[in-house]
**Q** 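Below: one structure in structure tokens.
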2 protein chains.
Amino acid sequence: MTSKEKASPRDRLLDAAARLTYRDGVSIGIEALCREAGVSKRSMYQLFDSKDEMLAASLERRMPAYQARLSHPDPAAATPRESILYVFEQVEKGSVEPEYHGCPYLAVLVEVKNPGHPASVVAREAKDFLLSAFREAAERGGARDPGLLARQLLLVFDGASARAGAGVEHLDDGLATATATALLDAAGVH
Amino acid sequence: MTSKEKASPRDRLLDAAARLTYRDGVSIGIEALCREAGVSKRSMYQLFDSKDEMLAASLERRMPAYQARLSHPDPAAATPRESILYVFEQVEKGSVEPEYHGCPYLAVLVEVKNPGHPASVVAREAKDFLLSAFREAAERGGARDPGLLARQLLLVFDGASARAGAGVEHLDDGLATATATALLDAAGVH
DNA sequence: CAGGCTATACACCGATCGGTGTCCTTCGCG
DNA sequence: CGCGAAGGACACCGATCGGTGTATAGCCTG
């Protein structure tokens, strides 16, 4: 029961699904997923009802890490402005890595056209979380229109992650934080 | 030779490809494309070397209309600020339509992971055009850093089109123009 | 030890994928 | 009229798609 134990088939599947769909898109085949996870196709269909459900479960599993990554390590000490800018700093930091392909939840929302797809539902949850976090910080920061500012910041966040992920933009010079800063100033967040 | 003539198989294919790939994604099958266009699969492979090449040709064909749609109707009379804001007004206007799914070029860049894909190359051209247009207007408008402002505006543009296309945001209240305006003001564009 | 659960291996299903080979009709043009 | 190019109809290719049926091996627990 130590850390030496091998991960369960379920976890291996979820991890493999997260990695491969992020790299190759949601159209990756389940055969390749199972091969990567070292799990038989039969086992996978006993753990999940369909490929779509497994994809959704994989996205859901990554959500806590996703949220933690974008949340300021010391929420009590951070000012609202610092909390917001921290999100964009994290995007810029991540975009430098060679395996970066943008926000996985946005990618799913763009790739999967059907809004009722289980994965789309989870992806929207991830986006709603960010919107709420921005909005709450905007309120605390005294923004003139917290709801508007939060939506503006999400525009920049998704635009930055989509463009950096597609390789048509590089954020390493602080483009995202600079843009967010301009919006914060315009909204009167001190 | 009047307008009553039927469009050529090539044009019908290109139009069908643009419509279906925009609606269903690039993973749409060529069988469905040909059926929609009313063109035999054999004819298509005599006009194009592969599905990828046809997809690229389809995107290229739509570029003039795409650029015209985002360009101010009277470039001589429009101020730089007006030219820039016109782009975002057009996005907001388009996003209201039920068949809107965001900027097709950004969608292709997100869906197609391979940057060497013919369609990706064309999509990057479309994005480069917008960047240049923004930058040129920013210069004329006396922006402090025209290159930076242009990239910021593109972040907002792609973020807005991606989010509106995915159905997680509605731009009908002027969110995009409001955000662009804040950036224009911050950059000192009068 | 026996029973039951978990997971594997592997063949198989119909459907679709991108792409091709073959034959036949239609039509413009000399 | 006759010829050649364009295009359509349709079968076919191997590969892969998501998903299932079946039989077997390991393992924990009663």
Side-chain angles (χ1 to χ4, degrees), chain A residues 1-2 4-59 108 111-114 116-122, chain B residues 1-2 4-59 108 111-114 116-122:
Chain A
M1 12 189 100
T2 70
K4 207 169 185 315
E5 286 198 39
K6 206 166 66 171
S8 75
R10 185 170 197 275
D11 290 349
R12 275 182 286 151
L13 269 172
L14 259 22
D15 288 347
R19 286 220 338 276
L20 290 192
T21 59
Y22 182 58
R23 197 188 59 186
D24 302 335
V26 297
S27 59
I28 181 75
I30 53 170
E31 215 108 20
L33 286 182
C34 291
R35 198 182 326 123
E36 175 87 1
V39 174
S40 74
K41 200 159 43 153
R42 207 72 193 84
S43 300
M44 160 195 159
Y45 276 105
Q46 246 147 287
L47 292 166
F48 304 97
D49 289 345
S50 65
K51 179 198 175 186
D52 293 352
E53 295 292 346
M54 189 195 61
L55 219 168
S58 150
L59 289 180
V108 163
E111 288 179 40
V112 179
K113 312 297 182 180
N114 171 17
H117 192 294
S120 286
V121 177
V122 177
Chain B
M1 14 196 96
T2 71
K4 204 170 186 313
E5 285 197 38
K6 207 165 65 171
S8 74
R10 185 169 197 275
D11 289 351
R12 275 182 286 151
L13 270 172
L14 258 23
D15 288 348
R19 284 218 341 274
L20 290 193
T21 60
Y22 181 59
R23 197 189 58 187
D24 302 333
V26 298
S27 60
I28 180 76
I30 52 171
E31 215 108 24
L33 286 183
C34 291
R35 198 182 325 122
E36 175 87 359
V39 173
S40 75
K41 201 160 43 154
R42 206 74 196 83
S43 300
M44 165 202 155
Y45 275 105
Q46 249 148 289
L47 291 167
F48 304 98
D49 289 344
S50 67
K51 178 198 177 187
D52 292 351
E53 294 292 344
M54 189 194 63
L55 220 167
S58 149
L59 289 179
V108 163
E111 288 179 41
V112 179
K113 312 296 182 181
N114 171 18
H117 192 294
S120 286
V121 177
V122 177

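Values below: every heavy atom of this structure, side chains too, minus hydrogens, waters and symmetry copies. Below, read A as the first sequence line, B as the second, and so on, with proteins coming before strands; counting in each chain starts at 1.
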**Q** Is there a residue in residues 50-59 of chain B whose heavy atoms reach under 4.0 Å of DNA chain D, and which residues are they?
**A** none
**Q** How many angstroms lie between CZ in B:Arg12 and CG in B:Leu33, if you round to the nearest 0.5 Å?
**A** 14.0 Å
**Q** Mind checking side chain to side chain contact (heavy atoms under 4.5 Å, CB included) for B:Arg42 and listing every partner two or more places apart, or none if nothing turns up?
**A** B:Ser40, B:Tyr45, B:Gln46
**Q** Scan residues 19-39 of chain A for pairs that pass ring-ring contact (aromatic ring centres under 6.0 Å, His included), counting only residues two or more places apart or in two chains.
**A** A:Tyr22-A:His101
**Q** Check whether B:Glu53 reaches the backbone of B:Phe48 with its side chain - one donor and one acceptor, N or O, closer than 3.5 Å.
**A** no
**Q** If we ignore hydrogens and angles and just use 3.5 Å, is the side chain of B:Lys41 paired with the main-chain N or O of B:Arg35 as donor and acceptor?
**A** no
**Q** Treat primed atoms plus P, OP1 and OP2 as sugar-phosphate and everything else as base, then score nucleotides 20-28 of chain C 5' to 3': B for base contact with protein heavy atoms under 4.0 Å, S for sugar-phosphate contact only, - for none.
**A** BBB------
**Q** Nearest 0.5 Å please: distance from the CG atom of A:Leu55 over to the CD1 atom of A:Ile30.
**A** 11.5 Å
**Q** Heavy atom of residues 16-35 of chain A under 4.0 Å from DNA chain C: which residues?
**A** none
**Q** Considering only heavy atoms of chain A and a distance under 4.0 Å, specify the first and last nucleotide of DNA chain D in 5' to 3' order that meet this criterion.
**A** D:dC17 to D:dT22
**Q** Side chains of B:Val121 and B:His117: closer than 4.5 Å at any heavy-atom pair?
**A** no
**Q** Return the minimal non-hydrogen interatomic distance between A:Asn114 and A:Ser120, and the atom names on each side.
**A** O-OG, 3.3 Å
**Q** Using a strict threshold of under 4.0 Å (side-chain N to carboxylate O), is an ion pair present between A:Arg23 and A:Glu36?
**A** no
**Q** Measuring from A:Ser8:OG to A:Leu47:CG, what's the distance to the nearest 0.5 Å?
**A** 8.0 Å
**Q** Can you name the nearest heavy-atom pair linking B:Met44 to B:Val39, along with the distance?
**A** N-CG1, 4.3 Å
**Q** Do you know the tightest heavy-atom contact between B:Val122 and B:Ala56?
**A** CG2-O, 3.8 Å
